[in-house]
Amino acid sequence: MKKIIFLAILGALLLQGCNTAGQSKVAASTGSEVGKAAAASEAAAAASAASARQAVKTNYNLPAIQMDPKIIFSSSARGNGNCSACHSIPANPALVAGDMGPPMIGMKERFPDIKKLRAAIADQRVFAPDTIMPPFGRMELLTPAQIDALTTYLYTL
Amino acid sequence: MKNILVILLFAFSASAFAAEKTGPVNTVGYAEKTPEATLKAIQDHFKKDFPAKGYAEIQGDAYVNGSLNFNKGSVQYSKFMSDRMAEGFDAPVGYNEAIAVSKKLWEAPFANGKKFSDCFANGGKGAANQYPRVNQTSGKVETFEGALNKCLVANGEKALDFGDMKAMGALTLAPRKLSDGERINIVVNTDAEKAAFNRGKEIFYGRLGKFEQTCAHCHIQKAGNLARTEELSPVIGQAAHWPVFRMDRATDGVAVITLQKRYEGCQNSVQVAKPIKPGSDASNDLEYFHTYLSTGLPFSSGIFRK
């Protein structure tokens, strides 16, 4: 019973979220120039309302998990790696980066086994007990999927 | 339904299993047993390390300039801001306000007619440089901010929040200025002092937060290195220049900040769940150890730092 009520409320909320989208169709069907202009302005209004609703909606959603390894590497926003605070990428000199860690170059030569590179991102303390590098995997600063994406990207450098 | 709940519960509690692995980092100075040897090891390291990183060796009082030693642009910017602060009419937002609050709090009489300056010898001249010090009976570290609050309470006033920069932070400006130019002189002799030094040292070299980083990582091991765009300052000299005016992004001006408030900022950067708070015993211990490392350097309060 509870399940049914829950689904009904969810359904009602979803419907409410969609009900303004179809309004401009009425104006568009009039055919006149005025009607077209009105339709265009209404469509614009509907679009901006939709985007406003989207903005409000996203506030209630969990933040999307960033999966672009280049952004994970360079962004300092929570949920990203902020790797470039310490590591530069010589292949991308435009990237503003720190120099506390080694530059990301020749990764295949430095890590013949890609698994070791992944493990180092996950917890470098395993390999260097006194390292400054945060344990991105063990402390869940990044998700396993993000670390996979990052590892694949870094291996191309 | 129950199964779903169990799965959800498990998913949310998974993060609780990711426990921080704390413990000290064995970098320069940690293994040394005495305060003197600790400072010597760090000094010797910087002597070799900065030229190796492409900088000139930092000499004597220049240590107070911190990361400005590594970047000419930072020196120019700092001079530009300091000039604006000194001239008054073009002062960055927040500067004149803080100075006015400080003057008012420091000089206005309490309800009983007494003033802050009555709590300290010589009207407060040189008083700030008597701290931090160790109370030989309780073994606790006493700070200058603590003494200001003690003065308030002794005169029937309410103590200020150590973390409130608009009140406590601004207040410290005027009295700390009265010690400017004096040399920091912390001598660690008694057992109580040694114990306080060691407690502070453990915090300085101890891993903190989700990042599991330490003060020593950035300010000994990586001092002079770039954290994205900013050179990290060396630990020596850091404790000599508080409070500072730092850039305040919210107002595009400056905001006053005390040393212990800065500790909180560092801890937020490395995602410490429960940071040690300004005015806490742990913060005081850290200040004691930290200030010892600036022994011999001149007190230089109220300066500008990015």
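Hydrogens, waters and symmetry mates play no part in the numbers below; they use all other heavy atoms, side chains included. Computed from a prediction, not measured in an experiment: that's the story for all the values here. Just so it is clear: chains get the letters A, B, ... in the order the sequence lines come, proteins before strands, and each one is counted from 1.
- For B/K222, the part sitting under 4.5 Å from any heavy atom of chain A is the side chain, from C-beta outward, and nothing else.
- With sequence neighbours excluded, no residue forms a ring pair (Phe, Tyr, Trp, His ring centres under 6.0 Å) with A/Y153.
- With a 4.5 Å cut-off on side-chain heavy atoms, B/E212 and A/R138 count as touching.
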Side-chain donor/acceptor pairs under 3.5 Å, residues 226-235 of chain B, sequence neighbours excluded:
{"from": "B/R228", "atom 1": "NH1", "to": "A/S74", "atom 2": "O", "distance (Å)": "3.3"}
{"from": "B/R228", "atom 1": "NH1", "to": "A/S84", "atom 2": "OG", "distance (Å)": "3.1"}
{"from": "B/R228", "atom 1": "NH2", "to": "A/S74", "atom 2": "O", "distance (Å)": "3.0"}
{"from": "B/R228", "atom 1": "NH2", "to": "A/N82", "atom 2": "OD1", "distance (Å)": "2.3"}
{"from": "B/R228", "atom 1": "NH2", "to": "A/S84", "atom 2": "OG", "distance (Å)": "3.4"}
{"from": "B/E230", "atom 1": "OE1", "to": "B/K306", "atom 2": "NZ", "distance (Å)": "3.1"}
{"from": "B/E231", "atom 1": "OE1", "to": "B/N71", "atom 2": "ND2", "distance (Å)": "3.2"}
{"from": "B/E231", "atom 1": "OE2", "to": "B/N71", "atom 2": "ND2", "distance (Å)": "3.1"}
{"from": "B/S233", "atom 1": "OG", "to": "B/Q238", "atom 2": "NE2", "distance (Å)": "2.9"}

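- Among B/K53, B/E20, B/K21, the residue making the largest number of heavy-atom pairs under 4.5 Å with chain A is B/K21.
- Side-chain contact check for B/K210 versus A/P134: every heavy-atom pair is 4.5 Å or farther apart.
- Residues of residues 120-130 of chain A that come closer than 4.5 Å to chain B, counting heavy atoms only, are A/D123, A/R125, A/P129, A/D130, ordered by residue number.
- Heavy-atom proximity under 4.5 angstrom to chain B picks out A/A85, A/V96, A/A97, A/G98, A/D99, A/M100 from residues 85-113 of chain A.
- A distance of 7.0 Å separates OG1 of A/T131 from CZ of B/R207, quoted to the nearest 0.5 Å.
- Nearest heavy-atom pair across A/I132 and B/Q221 is CB-OE1, 4.4 Å.
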